Amino acid sequence: MSSKTNLMDLTRGELGEYFLNLGEKEYRATQIIKWMHQRGVSDISKMTDLSKELRERLSHECEIRAPEVIYERDSKDGTRKWVVSVGEGDLIEMVLIPEGKRATLCVSSQVGCAIDCSFCATGKQGFSRNLSLAEIIGQLWIAENSFGDSRAKGERNITNVVMMGMGEPLHNFDPVVKAMELMLDNNAYGLSKRRVTLSTSGLVPQIDKLSKLSDVSLTISLHAPNDKLRDELVPVNKKYPIKTLLKSVTNYVDQCNDSRVTTFEYILIDRVNDSLELAAELADLLKDFPCKINLIPFNSFSDSAYKRPSGNRVKRFQEFLQSKGHVVTIRSTRGDDIMAACGQLVGKVNDKTRRKERKKKKELIKTKSI
Ligand code: SAH
Ligand code: SF4
């Protein structure tokens, strides 16, 4: 473990304090943020608007370190998945989904997840630990810098970020909020608040707290229109039932003050929550809510007894909701040939694959003579 301060683990405010403590001007923080996050530079000696003396001091005391990529793979449909090591055998996954002019990065917030939804591979894996700021923002850093030398030219490649990878982001509140602050910072990634989405299983106190700090887009993983079924699918519902959750979301939207539409995710599981009776209940539950409903046909993984409904059942569920005046989309399944689709992220690769990828990486480094 390095004893150096990882500058990627600091927000702009924290970096400002760091420089003040060094007897330097606070604006050095903005200079470093620009080098690190806007241009993807991790070598402090290359930061030419800092004095040589300061660069030497910083190189001695600090480092800029994103987590280590140990596996990278492209799907047939253009989706790219990375498996990233965050130390001590813990692995996380991130996925980039290109779609026309959009490139959406799906970011993880925890190793595993403690919520334990009955349909989710990440939940079934259990919870290991929270990710640090460097490990969260480092995912965006890695993805942004995977487009050749585009960053040197000041280009931004990722247009959207969704906190929908492994973990419950609101269970790792502070680092997630800090990471989103950097995502929105014009000196860093410059994404608009509507292009940064936090998806949550519905932790009410944390949604209330977030409403005072941030106005990013909020997506609620609803999955059932009544408490009896939701208790079964999303166990945290027993603590924060649907009515309480919807009240908290209304409060969040009101604080945003910009006529916002909330997205509700509804995973469709064959014969579990895909009947027309439940569609009618859902239509009624959300009838006065300015929202969009996103249906996600269940993605299978080993050990799961659930099944994906037929295309017909998915369609009839959608059409029923539409007939009641709702805006309803069906999420297309991307990247499931490389296990990169929703709910398939478990952050594991077997040892053989890992050895092979390490060897490949070493060879690549040799040929590029970096
Ligand atoms: N913990 C947060 C964010 C990560 S989960 C949350 O639950 O919102 C991201 C999305 O993937 C959620 O909408 C979740 O319901 C969905 N998901 C999980 N398992 C899935 C599966 N097996 N098939 C399809 N979608 C799944
Ligand atoms: Fe956790 Fe989200 Fe998976 Fe539920 S769906 S177990 S909250 S990652």
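What you see is a predicted model; the values in this text were computed from it and never measured. Computed from heavy atoms alone, side chains included, the values below leave out hydrogens, waters and symmetry copies. Ligands are counted one by one from 1 in listed order, and the atoms in each one are counted from 1 as well.
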Under 4.0 Å from one or more heavy atoms of G165, ligand 1 contributes atoms 4 (C)

Tell me: protein heavy atom nearest atom 2 (Fe) of ligand 2, and distance? G167 O, 4.5 Å

Treating D74 as the side-chain partner and R80 as the backbone partner, does any N or O pair qualify as donor plus acceptor under 3.5 Å? no

Between F127 and V107, is there shared hydrophobic-cluster membership here, with clusters defined by ILVMFWY side-chain heavy atoms closer than 4.5 Å? no

State if S109 counts as touching ligand 1 under the rule of any non-hydrogen atom under 4.0 Å. no

Is there any N or O on S221 that sits under 3.5 Å from an N or O of ligand 1? yes

Do side-chain atoms of S211 reach the backbone of D208 as a donor and acceptor pair under 3.5 angstrom? yes

Element-labelled atoms of ligand 1 that are located less than 4.0 Å from some non-hydrogen atom of C120: 18 (C), 19 (N)

Any N/O/S atom, side chain or main chain, of C113 closer to atom 1 (Fe) of ligand 2 than 2.8 Å? yes

Side chain, backbone, both or neither: which applies to D116 and ligand 2 if a contact is any heavy-atom pair less than 4.0 Å apart? backbone

So which bit of E168 gets within less than 4.0 Å of ligand 1, heavy atoms only: side chain, backbone, both or neither? both

Main-chain N/O of L131 paired with N172 side-chain donor or acceptor, under 3.5 Å: yes

Group every Ile, Leu, Val, Met, Phe, Trp and Tyr by side-chain heavy-atom contacts under 4.5 Å, then state whether L282 and L276 land in the same group. no

With the threshold set at 4.0 Å, does a side-chain nitrogen-carboxylate oxygen contact exist between R57 and E53? no

Shortest heavy-atom approach to atom 1 (N) of ligand 1 - which of G123, G167, S201, C106: G167

Could you check whether K52 pairs with E56 (Lys NZ or Arg NE/NH1/NH2 to Asp/Glu carboxylate O, under 4.0 Å)? yes

At a 4.0 Å threshold, what atoms of ligand 1 neighbour a non-hydrogen atom of I296? 13 (O), 24 (C), 25 (N)

Would you mind listing which atoms of ligand 1 come within a distance below 4.0 Å of any non-hydrogen atom of T200? 6 (C), 8 (O)

Protein contact of atom 6 (S) of ligand 2 - nearest heavy atom, named by residue and atom, plus distance: C117 N, 3.4 Å

N299, portion touching ligand 1 at heavy-atom distance under 4.0 Å: both

Decide whether E168 and S201 meet the rule of one side-chain donor and one side-chain acceptor closer than 3.5 Å. yes

Short list, please: which atoms of ligand 2 are under 4.0 Å from a heavy atom of S201? 7 (S)

Closest candidate by heavy atom, reference atom 14 (C) of ligand 1, pool R308, H223, H171: H223

Flag for E281-N226: side-chain donor and acceptor within less than 3.5 Å: yes

Cationic N near anionic O, under 4.0 Å, R313 to D274: yes

Kindly say whether H171 contributes a backbone atom to a donor-acceptor pair with the side chain of Q206 at under 3.5 angstrom? no

Logged contact type for C120 with ligand 2, heavy-atom cut-off 4.0 Å, is side chain

S221 touching ligand 2 at heavy-atom level, < 4.0 angstrom: no

Within ligand 2, which atoms have a heavy atom of G123 less than 4.0 Å away? 6 (S)

Is there a nitrogen or oxygen of M164 sitting under 3.5 Å from a nitrogen or oxygen of ligand 1? no

